[in-house]
Visitor: 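Attaching a single structure in structure tokens format; questions to follow.
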There are 4 protein chains.
Amino acid sequence: MSPKLVDKTEKINEIATAALYLFAKKGYAATSVEQIAEAAGIGKGTVYEYFPSKEEIFVHAINDWIMDLINRMLEKTRDIENPVERLKAFIEMVKDVLNVEEPDPKKLFADIDQQTFMQGGAFYKRRHIIKDMRATFCDLVVDILLDGVSKKVFKPEIARDVSKIAINLLAYLDGICMHYLIMEEYQEFEDQIDFHVKGFVDYILV
Amino acid sequence: MSPKLVDKTEKINEIATAALYLFAKKGYAATSVEQIAEAAGIGKGTVYEYFPSKEEIFVHAINDWIMDLINRMLEKTRDIENPVERLKAFIEMVKDVLNVEEPDPKKLFADIDQQTFMQGGAFYKRRHIIKDMRATFCDLVVDILLDGVSKKVFKPEIARDVSKIAINLLAYLDGICMHYLIMEEYQEFEDQIDFHVKGFVDYILV
Amino acid sequence: MSPKLVDKTEKINEIATAALYLFAKKGYAATSVEQIAEAAGIGKGTVYEYFPSKEEIFVHAINDWIMDLINRMLEKTRDIENPVERLKAFIEMVKDVLNVEEPDPKKLFADIDQQTFMQGGAFYKRRHIIKDMRATFCDLVVDILLDGVSKKVFKPEIARDVSKIAINLLAYLDGICMHYLIMEEYQEFEDQIDFHVKGFVDYILV
Amino acid sequence: MSPKLVDKTEKINEIATAALYLFAKKGYAATSVEQIAEAAGIGKGTVYEYFPSKEEIFVHAINDWIMDLINRMLEKTRDIENPVERLKAFIEMVKDVLNVEEPDPKKLFADIDQQTFMQGGAFYKRRHIIKDMRATFCDLVVDILLDGVSKKVFKPEIARDVSKIAINLLAYLDGICMHYLIMEEYQEFEDQIDFHVKGFVDYILV
DNA sequence: TATGAATGAGCTTTCATTCAT
DNA sequence: GATGAATGAAAGCTCATTCAT
């Protein structure tokens, strides 16, 4: 915990942040280490003082980004008493994430998937990071649902399958976001989600 | 006059097929034209007699693959009279597609997304191919649902929102497949889908 | 002199003519054998039945073109009685050659120079073709001048240096054409030449 | 902060010089970037740290060479008082330029013409460089002639057509050099030029 | 520690030429 | 004789990484 270490951590984050914006703008492959260095305001060689490889920059930057996403999710939903409102707030957040312009999340997700599936990809041997993220989101939804059950707002019988229900909800959100990103029919997107969520809430309400 | 006439279309398909397996194994970017040529059992230069660029090989190979997927989907579901059975057959097919080992669909989808989102990607200016595929799947589900309504098996009121319902179902399937591909918990996958589908069918049955 | 040989010669000329237009349009390097074959209406492989290499096509085509140039020059100037008119007709011809649009002579000349000077170039070991062309032009001018002397139209003393005078006139014409091709000031070109020729004729007239 | 600072300009010139010798030896097209790198004693990739493309190397090298030619011309003729001597010094310089062995100017000029005339050539959209060079030479000759007129050494009436006269002289020199380069009759070259220049000087002297 | 100069493996693409039919 | 399918050498260029300073 010497001051040097603090500096080092800070520098690492600076580089990772600069890199994230570039990755989200141009994609992982199309972003060169030189560009990252330039964006971070340091020399190309200096990048390698803080990261052993471009791949590590990606992993670090994505990890930070995911952590930040999760924290914001938790914060926004933590203090809402009404379970229905809390659930809706969560879904709003999901929608918001996709509407961020910079850094563009769809390119990041495309790169993450790529790097997760391809042998030798940056996340190929670290899919636990991606899995953990999904698990955390799942836990959050489970928490909201069980809270609703305990407050007698949601049907008690959903408690038994709460995990499955949470995963299915998240899967739906994932899929519909993908659909929207590809189809580019922004205007219908909200309607589409609202339609599903309405059915979902009806289904779980007592 | 014409001494050595090769079936161009066949050769194109041979190369595209060889390429598809490599793309699905190592990813588009990591597959070199030389490797494609080798896999197709021809020289590097010969590839360029049939395709103007690596990008076109990708587009062609993916397009063929998608067309094949769609055709198989349509075939398998076309002749089933019972709407519920037909819907379930469709979902079975979706599950099956993901369980193909070679060419690995998850990697192909990751590459497709990548090449669709990234500026200058192979599908960046051809997303209509991807959109058309999704639209075709949507039409199929809509068809199944309306068929069910007309046969008085499904609730008449779903007709009004049939398009939304179809998209939401497909989005869910998309999302849950992605979830399964990332989480690698194959054993729970079937249960998970069945759970959702059971709820879905209950919801639409008269 | 069998009919087959005649056919062969004809075919060779067809290919060479097609090639010449392409060389003059796109340059030697940028013209592929495939394009030549296509322009000649034959298959790529057939070209090699008539020429051993692309280089030989170039040499043959250029040689034909030069021969044609020379013949046209001789024809146009042969029957003019008045030496001054004959000289002017020759110079008119030179001007005309450069104004041909297709095949563009400046590109051909640039390619010829290139292939003459560069070691291993198509004309590197055949500069005699180029030299002969220049010698023929020189002979023509010498002939015109001596004819003028014998007709007492031109000063008798130019006979002694007639060869030098001819070469210098041709060199000037060469140079001014080059100048015009590079500077692209077409309108001044005629004036420029006329100015020089007027001085030249004044100088050699009795 | 800046540990290894190389004089970029110097390195650029080193590469350009190495390239110029190769271009003059083998021609632009036949010279590969790898060969340039080797000749400059650096790696292939390093070349691209200093030049964005092979084309730019050519343009830079040729431009430097031309500038150097012009400067030497100006220097050699600047301080000569006697207009006739000055004119002769200029012509001597022209002769000398062609007698340089390395880098061989005839090959460079052949490449320049090539790259100027061919669409997409390195000088195709930069012919102003070539035009400027010719204009500068023209200005120099004009300057010599007008200086001679003002010193009452040359006829006053040449002042009116001084530009035409200069261009014609340069055109002749251009053409005769070309002739000599192609015909390779070095021994007659000097005589030939002297013969023309003698006539020229007689014509412009008072 | 910070740097940017240097690098070369590796990429996609071109095309003159060969040759089986 | 005519063909076009096949080829691979060679090109220009990119960029993650190394390393001397």
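Here the structure is a predicted model, which is why all the values come from computation and not from measurement. Every chain is numbered from 1 and lettered A, B, ... according to where its sequence line falls, protein lines coming before strand lines.
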Visitor: Answer yes if the ring centres of W65(B) and F109(B) are under 6.0 angstrom apart, and no otherwise.
Guide: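 Yes; F109(B) has its ring centre under 6.0 Å from that of W65(B).
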Visitor: If you count the non-hydrogen atoms of other residues, nucleotides and ligands that lie under 6.0 Å from NZ in K25(A), is the total more than 12?
Guide: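 Result for NZ/K25(A): open.
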Visitor: What string of B, S and - do you get for nucleotides 10-17 of chain F, 5' to 3', if B is base contact, S is sugar-phosphate-only contact and - is no contact with any protein heavy atom under 4.0 Å?
Guide: BSSBBBSB
Visitor: Take the protein atom CG of D7(D) and the nucleotide atom P of dG4(E), then report the distance between them rounded to whole Å.
Guide: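 My rounded result for the distance is 16 Å.
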Visitor: Can you run down the salt bridge (Lys or Arg N to Asp or Glu O under 4.0 Å) pairs that involve residues 114-130 of chain A, sequence neighbours left out, and say none if there aren't any?
Guide: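 Every pair satisfying salt bridge (Lys or Arg N to Asp or Glu O under 4.0 Å) with a residue in residues 114-130 of chain A: E56(A)-R126(A), R127(A)-E184(B).
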Visitor: Requiring both pairing distances under 3.5 angstrom, list the stems that contain DNA chain E and are made of three or more consecutive Watson-Crick or G-U pairs.
Guide: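 Stems found: E:2-21 with F:2-21.
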Visitor: For F51(A) and I12(A), which heavy atoms make the closest approach, and how far apart are they?
Guide: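 Here F51(A) and I12(A) meet closest at CZ-CG2, 3.4 Å.
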Visitor: If you pin I42(D) and I42(A) to their nearest nucleotides in DNA chain E, which one's is more 5'?
Guide: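 The residue closer to the strand's 5' end, by nearest nucleotide, is I42(A).
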Visitor: Between dA5(F) atom P and E38(C) atom CD, what is the distance in whole Å?
Guide: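 That distance rounds to 13 Å.
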Visitor: With a 4.0 Å limit, can you tell me whether Y50(D) has a side-chain N or O closer than that to the phosphate oxygens OP1/OP2 of dA5(E)?
Guide: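 Checking dA5(E) against Y50(D), no side-chain N or O comes under 4.0 Å of OP1 or OP2.
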Visitor: Rounding to an integer number of Å, can you tell me how far F51(A) CZ sits from dA2(E) P?
Guide: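 The distance from CZ of F51(A) to P of dA2(E) comes to 13 Å, rounded to the nearest Å.
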Visitor: Minimum heavy-atom separation for A61(C) to L20(C), with atom names?
Guide: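 Looks like O-CD1, 3.8 Å.
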Visitor: State, to 0.1 Å, how close F23(A) and K54(A) come at their nearest heavy-atom pair, and which atoms those are.
Guide: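 Scanning both residues completely, I find the closest heavy atoms to be CE2-CE, 4.5 Å.
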Visitor: Using atom CD of E56(B) as one end and atom P of dT12(E) as the other, report the distance to the nearest whole Å.
Guide: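 Rounded to whole Å, this separation is 15 Å.
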Visitor: Which pair of non-hydrogen atoms, one from A122(B) and one from E55(B), has the smallest distance, and what is that distance?
Guide: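 Nearest pair, atom of A122(B) first, then E55(B): CB-CG, 3.3 Å.
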Visitor: Please name the pair of heavy atoms, one in D111(A) and one in Y28(A), separated by the smallest distance, quoted to 0.1 Å.
Guide: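 That closest heavy-atom pairing would be OD2-N, 2.7 Å.
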